[in-house]
Novice: 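Structure provided below as structure tokens; questions to follow.
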Amino acid sequence: MRQPLSTIILGVSALLASQVSAAANKLTLIPSSAWVTSRNPNPSNATFYLYVPTNLTSNPAIIVNPHWCHGSASAAFSGTQLATLADKYGYLMIFPDSPNLSDHCWDVASPQTLTHGSGGDSQGIISMVNWTIKKYNADQDRVFAMGTSSGAMMTNVLLAVYPEVFSAGMAWAGVAAGCFAPSPSLNLTASQAVDYWSDTCATGKNIKTGAEWKSTVEAMSPGFKGLRPKMWVLHGSADTILYPQNLEEEVKEWSTVLDVQLVETRKAYPKTGWETRVFGKTGGHGGVGGEVDRFRATLASGVTHDIQTDAGLVLEWFGI
Ligand SMILES: *[C@@H]1O[C@H](CO)[C@@H](O)[C@H](O)[C@H]1NC(C)=O
Ligand SMILES: *[C@@H]1O[C@H](CO)[C@@H](O)[C@H](O)[C@H]1NC(C)=O
Ligand SMILES: *[C@@H]1O[C@H](CO)[C@@H](O)[C@H](O)[C@H]1NC(C)=O
Ligand SMILES: *[C@@H]1O[C@H](CO)[C@@H](O)[C@H](O)[C@H]1NC(C)=O
């Protein structure tokens, strides 16, 4: 079942070769004794690495960057320009490292990781965020998540399950939150469902209506009534690991959850051959800050699963 993932390693190592981080400082391991408590749990034993930039600002923003399958916190750190840019702009970065399972993917499938306050990798990551906000007096209104592949899948999950924690997310080659949950007909126990690999979802066959995705997401964060974080999803049209249909499922999910409509299609944006649909509130709300641009979906023509992230674009979307 997990064989196709080896392709991810190959793909991403090519990416790493072209993007070597020049961050000024080293990644810091925050030992679990420093941050894990009963009120700040880490039930799946994820590992917490933090990047503290050279010019940390007061009340800094936080970007959470979960790694891809078979990846690691240090590979994500050295593979992104975001840590280098943190030295300039002064934000903190959390690089979580997934529990020691054979494929080193994030658990985006179990009921615990997909339910607010119920455990799993998602809860451990939220505990890292909580600790960082306290320790560094970080700005709780500027907490962001971004990632590629399994990191993008976790970004979708974090925003769906913990909408009160994040202001925005950006998911490169991921799947809709909940898409990897095993079908109930498989009768998996909660622990069997941890890190379940859904071929159905990966191959673009987990198709739901917007209304169905909305109930899926609302069940992950029951009772949440606040403003949900804005989201930008990007996907290659030639992705054979997570088929491009997954972009359409993310579109149905987030446009329905955020209650936004298509306002504009930008051709050749953010680059030639890519096309971006911009969603917002139409009718009466036009021009109101942010309301017209709460969700974006980009199809990158001819791009495989090895989609190249653009750190400048990430910062622009997060307003940093
Ligand atoms: C996490 O680590 C603790 C302490 O070592 C251990 O008791 C527990 O079983 C681990 N949990 C998982 C899900 O591996
Ligand atoms: C940090 O700030 C100082 C003073 O503003 C500046 O000279 C330096 O270039 C900054 N460092 C980086 C890596 O941007
Ligand atoms: C992680 O898993 C590998 C392979 O399954 C094993 O060899 C290694 O000892 C494990 N490391 C820890 C810290 O559990
Ligand atoms: C982290 O902070 C949020 C927001 O204050 C809170 O809801 C949550 O219980 C805290 N801890 C965890 C692990 O989610």
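All ligand and atom numbering here is 1-based and tracks the order in the structure. Keep in mind that this is a model prediction, so the values were computed, not measured. Position 1 is the first residue of the sequence; numbering continues from there.
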Novice: Can you tell whether the side chains of Lys281 and Asp259 come within less than 4.0 Å, N to carboxylate O?
Specialist: yes
Novice: Going by disulfide bond (SG atoms under 2.5 Å apart), name the pairs with one or both residues in residues 36-65, residues two or more places apart or in two chains.
Specialist: none
Novice: What distance separates Thr155 OG1 from Phe144 CZ, expressed to the nearest 0.5 Å?
Specialist: 13.0 Å
Novice: Counting the benzene-type ring for Trp, do His67 and Phe95 have ring centres under 6.0 Å apart?
Specialist: no
Novice: Got a sec, which pairs hit disulfide bond (SG atoms under 2.5 Å apart) with one end in residues 168-218, sequence neighbours left out?
Specialist: Cys179-Cys201
Novice: I'd like a table of donor-acceptor pairs (distance under 3.5 Å, sequence neighbours excluded) in which one partner is a side-chain atom from residues 265-274, with atom names and distances.
Specialist:
residue	atom	partner	partner atom	Å
Arg266	NE	Glu264	OE2	3.4
Lys267	NZ	Glu275	OE1	3.0
Tyr269	OH	Arg296	NH1	3.3

Novice: Which protein residues have a heavy atom closer than 4.0 Å to any atom of ligand 1, listed by chain and number?
Specialist: Pro43, Asn45
